[in-house]
There are 2 protein chains.
Amino acid sequence: MSQMLQIHDQLREMILSLDLGPGERLTERWLESRFEGSRTPIRAALVRLEGEELVRRDGRNWIVAPIDLGELAALAEFREPLETTAVRLACQRASEADLAAIEAMLDACQSGAPREEWHRVGTDFHVEIARLSGNPFIVKAIEGAMTRLSRARWLEVWTEPSREQAWAEHRRILGFIRKNEPDAAAREASEHIRDTRDRLLRSLTDDRRSLRARGFAVIGMR
Amino acid sequence: MSQMLQIHDQLREMILSLDLGPGERLTERWLESRFEGSRTPIRAALVRLEGEELVRRDGRNWIVAPIDLGELAALAEFREPLETTAVRLACQRASEADLAAIEAMLDACQSGAPREEWHRVGTDFHVEIARLSGNPFIVKAIEGAMTRLSRARWLEVWTEPSREQAWAEHRRILGFIRKNEPDAAAREASEHIRDTRDRLLRSLTDDRRSLRARGFAVIGMR
DNA sequence: CATCCTCTCTTGGTATCCCAAAATGCACTT
DNA sequence: AAGTGCATTTTGGGATACCAAGAGAGGATG
């Protein structure tokens, strides 16, 4: 694989895992030494990440995109029509094998599983459901939305009951698709997206001060 | 503005206006002489355009993204939930001034207007309506979808009645938003998107052979 | 001691250079 | 005449060189 793609993937991972704090400045020269490559592939990776809005220009400088809490409500508003459409289409188009694969994914996430696992599966569930719609534009939009949500979800303080509730909602959505009840599946999906939004907002607005203290640029939601 | 952005914009324009044929190969060296800049900014522009999926890798080469007629149906399926949501939100959030501005835009497109004008307004209408939703994610998604549709719309053979019908549908959507009738507006928007899809598909599948003859890579829709 | 100016150093933007790999074309074979 | 193998050319990937602009330190001046 080309060096540029390696750098892109590593840098992306560092950003999404909060190894690089939101708002942090990235100098091309630092990245150069960090990844032991020259500036050419590094700049290509940065331009690419800029397209994914994980990195941004600040004047002439590069910075890690700040987390914008103001986005969270808009993101839920965006996901709702798309995911309800996705589950409806999934009812028509998904095979039993597809659904079983997703159920297995949920099952694999036992209560003892590490935090990374819960985080990943909680994202992948929505992307995989979108994939069942068979519509690549819906898939890409949901991928983008979940990526945008990803860092905020690391910061969320997960309580056991809230996590359980989210998982129960996932299972209900899947169940209604399986029973081929598109209206019920869509209703569940809507509720789940709103519940998740509320949980995130409640958790993050409380902790915003402490996030700032960690040096993270967290904007919006005055 | 940086040279890279200039090159990006110019190249983007050339692609969207079909100055560069879909599927055409782009060598960095040719672009270098064409834009009288060195390869560094040109490569940055190409990486950027790759993110917008207007340019793509073919092995080690760069090519202008082919037009994929198979996308057209999926694109309509994607737009429908988003735009119906957008018009509903517009009913709640748009000011009279916003609506008047859009109406003025439609009015400015008289029957004698040049083809470019019709093409541009036909795209902008949808983007501006999306903007009234106040949701930046919806706006960007619609922008992307209309961009993806743009080249196919140049190839469409426009008949006077079909164009009139599209404009009448635009006006009806706007009218229902104005009268604050979200359900009616959403229904109109759905119908309009489907009608447009059907018109496009009918026109393009017929003419596919002639497009290929012009050297355009047009794939999908066996 | 505060302020302003200047000089330096670092940064990103651009041009150019080198290299390996892939394509091209040509000659030679059958 | 068609096919095959080798030499040459061209291409994109990466590294480096150079530059102008901006930030920051340090010194001169009030």
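Below, read A as the first sequence line, B as the second, and so on, with proteins coming before strands; counting in each chain starts at 1.
Crowding of B/E96 atom CD: a count of heavy atoms from other residues, nucleotides or ligands under 6.0 Å exceeding 12.
Listed for the B/R12 side chain is no donor-acceptor partner under 3.5 Å among the backbone atoms of B/E52.
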Next on the checklist: Applying side-chain contact (heavy atoms from CB on, under 4.5 Å) to A/L46 and A/L11, what does each step give before you reach the verdict?
Outcome noted: CA-CA 9 Å; A/L46 285 169; A/L11 195 47; 4.1 Å; yes

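Look at NE2 on B/H8: it is 17 Å from C1' on C/dG13, rounded to the nearest Å. Residue A/R39 contributes atom CZ, which lies 12 Å from atom P of D/dA17 at whole-angstrom precision. Computed from coordinates, the A/I63 CD1 to C/dT11 P distance equals 17 Å when rounded to whole Å. Rounded to a whole Å, the CD atom of B/E36 is 15 Å from the C1' atom of C/dT14. In this structure, CG of B/L31 is placed 15 Å from P of C/dT14, rounded to the nearest angstrom. For the pair A/R43 CZ and D/dG13 P, the interatomic distance rounds to 16 Å; values are reported in whole Å. Atom CD in A/E28 sits roughly 5 Å away from atom P in C/dG12 (whole-Å rounding). Going from atom CD of B/Q3 over to atom P of C/dT16 covers 11 Å, rounded to whole Å.
Using a 4.0 Å heavy-atom cutoff across all strands shown, B/G59 reaches no nucleic acid atom at all. Residue-level contact check: B/T40 touches the bases, meaning some heavy atom is under 4.0 Å from a base atom. Using a 4.0 Å heavy-atom distance criterion, B/L5 is classed as making no nucleic acid contact. Using a 4.0 Å heavy-atom criterion, one finds that A/I42 contacts no nucleic acid atom at all.
Between D/dT11, C/dT11, D/dT16, one nucleotide has an atom nearer to the side chain of A/R60 than all others, and that is C/dT11. For B/S38, the side-chain atoms get nearest to C/dT16 when compared with the rest of D/dG14, C/dG13, C/dT16. Distances were taken from every side-chain heavy atom of A/R57 (C-beta onward) to each of D/dG12, C/dT14, C/dG12; the shortest belongs to C/dG12.
Within the 4.5 Å cutoff, the side chain of A/T123 has no heavy atoms near those of the A/L149 side chain. Between B/W62 and B/L31 there is no side-chain heavy-atom pair separated by less than 4.5 Å.
Scanning atom types as modelled, one donor and one acceptor separated by under 3.5 angstrom connect the side chain of B/R29 and the base of D/dG12.
Residue order along DNA chain C, read from the 5' end via each residue's closest nucleotide, puts A/L26 first among A/L26 and B/E32.
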